[in-house]
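Letters A, B, ... mirror the listed sequences (proteins, then strands); counts begin at 1.
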Amino acid sequence: MSFRGFLPRERFDTLFSILHKIGAQCIGPTVKEGAITYAHLSSSAQFPHKVTDQQEPGSYRLTPTTDARWFAWANGPQALKPLVFAPEEILWRSERNATGTIAFTTDAAQMPLTAVIGVRACDLAALALQDQHFLHPQGQDASYASRRRQLILIAVNCTHPSASCFCHATGDGPEVDQDYDLLLDELDHGFAVRCSGATGEQIVQQLSLEPLQPSQLNEIDNANRHAAEQQTRHLPATDLEQVLNTLQESGRWQDIAERCLSCGNCTSVCPSCFCHSQHDVPAADGITSTHVRQWDSCFTQGHSYIHGLVIRNETRFRYRQWLTHKFAGWIRQYGRSGCVGCGRCITWCPVGIDVTEELQGLTEEYNNA
Amino acid sequence: MHDSQIPHEAVVISRTQESRSIFSIGLQFTDEELNKQYRFQPGQFNMLYVFGIGEVPISIVSDPQGSDEFIHTIRTVGRVTQILEQLQPGDRLGIRGPFGRGWPLQTLQHRDILVVTGGLGCAPSVSIINYIMLRREQFGRLAIVQGVKHSEDLIWHDHYQQWMQQPDTQVLLAADVATHGWPWHIGLVTELLPQVELDISQAATMLCGPEMMMHATAQMLLESKAKADQIWLSMERNMQCAVGLCGHCQFGPDFVCRDGPVFNYADVQHRLSRRGL
Ligand SMILES: Cc1cc2nc3c(=O)[nH]c(=O)nc-3n(C[C@H](O)[C@H](O)[C@H](O)COP(=O)(O)OP(=O)(O)OC[C@H]3O[C@@H](n4cnc5c(N)ncnc54)[C@H](O)[C@@H]3O)c2cc1C
Ligand code: SF4
Ligand code: SF4
Ligand code: FES
C-alpha cells in the first residue's frame with residue numbers, strides 16, 4: 001500500500017481519540033516490570049520513552065537511550081498471542097441438577113473492538129500462523145475466532161531489531177507487508193502512515209495527515225534496509241525439514257538436554273505455539289463445574305501422558321519435539337515453518353539455548369554425514 | 001453449527017461387565033434430533049465427559065447401522081474411567097463426537113482381511129471385526145489374531161468361539177503368560193502369523209495394540225510380501241480437544257485426533273518404532 005501522509009508526533013494522540021470514538025479499546029507497548037509489555041493505554045505518554053531493549057541468549061534488559069523515538073526497541077516477551085489465544089479461559093460450564101441431568105452452556109468469548117498499536121512484522125506473521133491453526137476449516141476455535149474479528153492492527157516497522165532477532169532470515173520481517181489496518185514508520189518528528197482495508201481507511205480519513213517529503217521517504221527506505229542488515233542471527237540456508245527428519249536419533253538432542261531445563265519458557269513466549277490442556281474445575285456446590293483450558297507446552301510431563309506412560313519421558317525427546325515441530329512438522333501441517341524469527345525463545349530461555357545455533361550444529365552434522 | 005468442543009448430554013441405556021476391569025455401556029443422546037443425526041464409522045471415537053472430572057477418548061464398538069444406542073467398551077484404569085465404571089442405566093454423562101478417521105471400509109470390500117490385535121480388549125479392532133461379521137458376504141476370508149499379556153485378560157470368549165464357527169474365518173489366540181488349561185498359543189502374538197491362512201501379499205491388514213507390537217507385526221508382514229500401503233493401524237495419544245487444536249495428540253506432523261486414529265502404515269512406518277515421538 002502507498003503512503004497516505006505524515007502524522008506529527010505532537011498530534012499522535014488524535015489516533016487514540018479516533019480509536020475511542022469508533023468504540024475500540026487501545027492496547028500498546030509500555031514499560032512494566034523491566035520489559036516492553038502490551039497493556040491498555042490511553043495516550044502516547046505511556047509508550048516507552050528513551051529506552052531500548054538489549055537482548056542476548058538468556059538475557060533481556062531495558063537500557064536508557066538518547067534516542068527520543070517511542071519505538072526504538074524490538075519486542076517484549078508477549079505481543080498478540082495472549083489477546084486472541086487466552087492463557088486461560090472457560091470453554092464451557094456444566095450443571096448437574098438433583099435428578100442427575102447435565103446441561104452444558106458456554107459464554108461466547110467477548111472482547112470489545114481492540115486496537116493494538118505497535119504490532120511488529122513478526123507478530124503479524126505469527127498471527128497468520130495462529131489463524132491457520134485456530135481457524136482451521138475442519139474445526140475452528142469459536143473463542144479465538146470471535147476475538148480475532150475484534151482486532152485492529154496498527155503496525156510499526158522495526159528500526160531497532162535486537163541481537164536475538166532473525167525475522168529477515170525467516171522472511172517475515174523486519175518490514176511489515178501483510179494484514180495490517182495501519183502501518184506506521186517512525187521518523188524523528190512523527191510517523192509516516194499507510195493503511196489497508198476499510199477500517200484503516202476510515203481511521204486515516206480522520207487523522208488529517210500532512211504531506212510526506214521525498215527526503216522522509218528516503219529515510220524510511222534506508223531505515224528499513226538498515227534494520228534488516230543489522231540482524232546478525234541467521235538460519236542455515238538448507239532444507240531444515242530434511243535435516244531434522246533425518247537426524248531424529250542424533251546425539252545432539254542429548255547434548256542439548258544436558259543444558260535444557262525443560263521449563264517450557266521457549267514455547268510460552270513463542271508467538272506461534274498453540275498447545276493447551278483442559279481440565280474441569282468443580283464448584284464446591286457439587287452442582288456446577290467449569291471446563292477450563294490453559295496454555296500448555298510439549299516440555300511438560302502431562303503433554304504426552306497416556307495411561308501408565310509418558311511418551312516424551314526425557315528432555316531430549318521434548319526438545320526434539322519443539323524444534324522438529326517448529327521447523328519441520330509445521331511445514332507438513334501448515335505449508336511453512338512455524339518460526340517467524342522473533343528471537344523470543346533465545347532471549348527468554350533461562351540457560352540461553354539458541355535455536356539458530358542448534359539448527360546450525362544439526363546442519364553441519366547432516367552435511368558431514 | 002454446534003461447537004464440537006462442547007459436549008451433549010447422553011444417558012446410559014445398557015451396561016455389561018465384560019471382565020473384572022472391562023465393561024461396556026450403551027448410550028443415547030437425550031436430544032432426539034441428535035440421535036437421528038448421529039453417524040459414525042468403525043474406528044472413530046467419542047470424547048466421554050464425566051461431570052466435574054474430565055473427558056477421555058473412547059472408540060465406538062457398535063455397528064454404524066445398528067440399534068439406536070452406540071456402545072463403548074472401556075477398561076478401568078484411572079481418574080475418569082473409574083467413574084465411568086460406576087455408571088448405571090439412567091445415569092447421565094457428556095458426549096462429543098464422533099472424531100477422527102476410521103478404518104478404510106471402501107478399500108476392504110471383497111478382500112481377504114487380517115486383523116491383528118495386542119493388548120486388552122482393543123476396542124478399535126472389535127469395531128471392524130463386528131462390522132465384517134454383520135456383512136460377511138461383502139468380504140473375503142478373515143483371519144483374527146489376538147494376543148494378550150495374561151490368559152485371564154482375554155474377554156469375549158463367547159465372541160471368539162462364535163467367530164471360529166463362521167465360514168472362511170480363522171481365529172488365533174495367544175497369551176504371553178497362561179494359566180493351566182489355556183488351549184491356545186503361549187507366547188507372542190507375532191509367533192502366530194505364520195499360521196495365518198491368507199495370501200498375505202494380497203490381504204488388507206488392520207492392526208491395533210502397543211506400538212512396538214504393531215511395528216513388529218508390520219515388519220513380519222512385509223517379509224511375507226505384504227504391501228505397506230495395505231496395512232492400517234490405530235494409534236493412541238493424549239487427547240484434550242479431539243479437534244486438532246490442543247496439540248497433545250501430535251505424532252510427528254500428524255494430529256492423531258484428526259488425521260487418525262487410523263493411519264495407513266506406509267505414511268507412518270518410519271516413525272512408528274521411534275522412541276519419544
Ligand atoms: C483414539 C483413542 C481411542 C481409545 N479407545 C478406547 C476404548 O475404546 N476403550 C478404552 O478402554 N480405552 C480407550 N482409549 C484409552 C483411554 O482414552 C484411556 O484409557 C483413558 O483416557 C484413561 O483415562 P483415566 O482418566 O481413567 O486415566 P488416567 O491415567 O487417570 O488419565 C488421566 C487423563 O490422561 C489422559 N489419558 C490417559 N490415558 C490416555 C490414553 N491412553 N489416550 C488418551 N488420553 C489418555 C486422559 O485425558 C485422562 O483423563 C482410547 C484412546 C484413544 C486416544
Ligand atoms: S508441540 Fe511444542 S513446539 Fe509445537 S506448538 Fe505445541 S508447545 Fe509449541
Ligand atoms: S530450551 Fe530453554 S526455555 Fe526451552 S525448555 Fe529448555 S531451558 Fe526452558
Ligand atoms: S486431541 Fe487436541 S489436537 Fe488432537
**Request:** Before giving the answer on side-chain contact (heavy atoms from CB on, under 4.5 Å), spell out for B:Tyr49 and A:Ser94 the whole-Å C-alpha distance, their side-chain angles and the decisive distance to 0.1 Å.
**Result:** CA-CA 10 Å; B:Tyr49 167 71; A:Ser94 54; 2.9 Å; yes

**Complete:** Ranked by heavy-atom pairs below 4.5 Å to chain B, first place among A:Arg332, A:Gln278, A:His279, A:His325 goes to A:Gln278

**Request:** Tell me, for B:Leu277 versus chain A, whether the close heavy atoms (under 4.5 Å) come from the side chain, the backbone, both or neither.
**Result:** both

**Message:** With a 4.5 angstrom heavy-atom cut-off, is it the side chain or the backbone of B:Arg271 that approaches chain A, or both, or neither?
**Reply:** side chain

**Prompt:** Between A:His136, A:Gln138, A:Glu95, which shows the greatest number of heavy-atom pairs under 4.5 Å with chain B?
**Reply:** A:His136

**Within-4.5 Å side-chain heavy-atom neighbours: A:Gln248 and B:Arg275** = no

**Asked** So how far is it from A:Asp141 CG to B:Ser4 OG, rounded to the nearest 0.5 Å?
**Response** 9.5 Å

**Message:** Tell me the closest heavy-atom pair linking B:Phe51 and A:Ile102, and the distance in Å.
**Reply:** CB-CD1, 4.1 Å

**Prompt:** Within a radius of less than 6.0 Å around CD of A:Glu88, do more than 12 heavy atoms belonging to other residues, nucleotides or ligands occur?
**Reply:** yes

**Prompt:** Can you find a pair of side-chain heavy atoms, one from B:Gln250 and one from A:Gln333, that are under 4.5 Å apart?
**Reply:** yes

**Request:** Pick whichever of A:Thr290, A:Leu91, A:Ile287 has the most heavy-atom pairs under 4.5 Å with chain B.
**Result:** A:Ile287

**Item:** Part of A:Tyr334 lying under 4.5 Å from any heavy atom of chain B
**Value:** side chain

**Side-chain donor/acceptor of B:Gln240 to backbone N/O of A:Ser277, under 3.5 Å** = no

**Prompt:** Side chain, backbone, both or neither: which part of A:Phe134 has a heavy atom under 4.5 Å from chain B?
**Reply:** both

**Message:** On a heavy-atom basis, which atom in B:Gly247 and which in A:Cys275 lie closest, and how many Å separate them?
**Reply:** CA-SG, 3.7 Å

**Request:** Under 4.5 Å heavy-atom distance to chain A, tell me which part of B:His270 shows up: side chain, backbone, both or neither.
**Result:** neither

**Item:** Contacting region of A:Gln321 [heavy-atom separation from chain B under 4.5 Å]
**Value:** side chain

**Asked** Given a strict heavy-atom distance threshold of 4.5 Å, which part of A:His276 is in contact with chain B: side chain, backbone, both, or neither?
**Response** both

**Prompt:** So B:Leu245 and A:Gln140, side-chain contact (heavy atoms from CB on, under 4.5 Å) or not? Walk me through it.
**Reply:** CA-CA 8 Å; B:Leu245 292 174; A:Gln140 291 222 318; over 6 Å; no

**Request:** Output, in order, the C-alpha distance, side-chain angles, deciding distance and verdict of side-chain contact (heavy atoms from CB on, under 4.5 Å) for A:Asp280 and B:Ile53.
**Result:** CA-CA 6 Å; A:Asp280 239 50; B:Ile53 310 281; 5.8 Å; no

**Asked** Nearest heavy-atom pair of B:Glu9 and A:Phe104: which atoms, and what distance?
**Response** N-CE1, 3.8 Å

**Message:** Please classify the contact of A:His307 with chain B as side chain, backbone, both or neither, using a heavy-atom distance under 4.5 Å.
**Reply:** side chain

**Request:** State whether the side chain of B:Asn238 and the backbone N or O of A:Tyr305 hold a donor-acceptor pair below 3.5 Å, judged by distance alone.
**Result:** yes

**Prompt:** Donor-acceptor pair, A:Trp92 side chain versus B:Gln5 backbone, under 3.5 Å?
**Reply:** yes

**Request:** Report the relative orientation of the aromatic rings in B:His248 and A:His303; use parallel for angles under 30°, tilted for 30 to 60°, perpendicular for over 60°.
**Result:** parallel

**Asked** Do the non-hydrogen side-chain atoms of A:Arg96 and B:Arg92 ever get within less than 4.5 Å of each other?
**Response** no

**Asked** Side chains of A:Trp330 and B:Pro253: closer than 4.5 Å at any heavy-atom pair?
**Response** no

**Inter-chain contacts: residues 312-319 of chain A against chain B, heavy atoms under 4.5 Å** = A:Arg312, A:Asn313, A:Glu314, A:Arg316, A:Phe317

**Request:** Count the heavy-atom pairs under 4.5 Å between each of A:Leu309, A:Asp296, A:Thr324 and chain B, then report the option with the highest count.
**Result:** A:Asp296

**Fill in**
Interatomic distance, SG@B:Cys241 vs CZ@A:Phe274, rounded to 0.5 Å, equals 9.5 Å

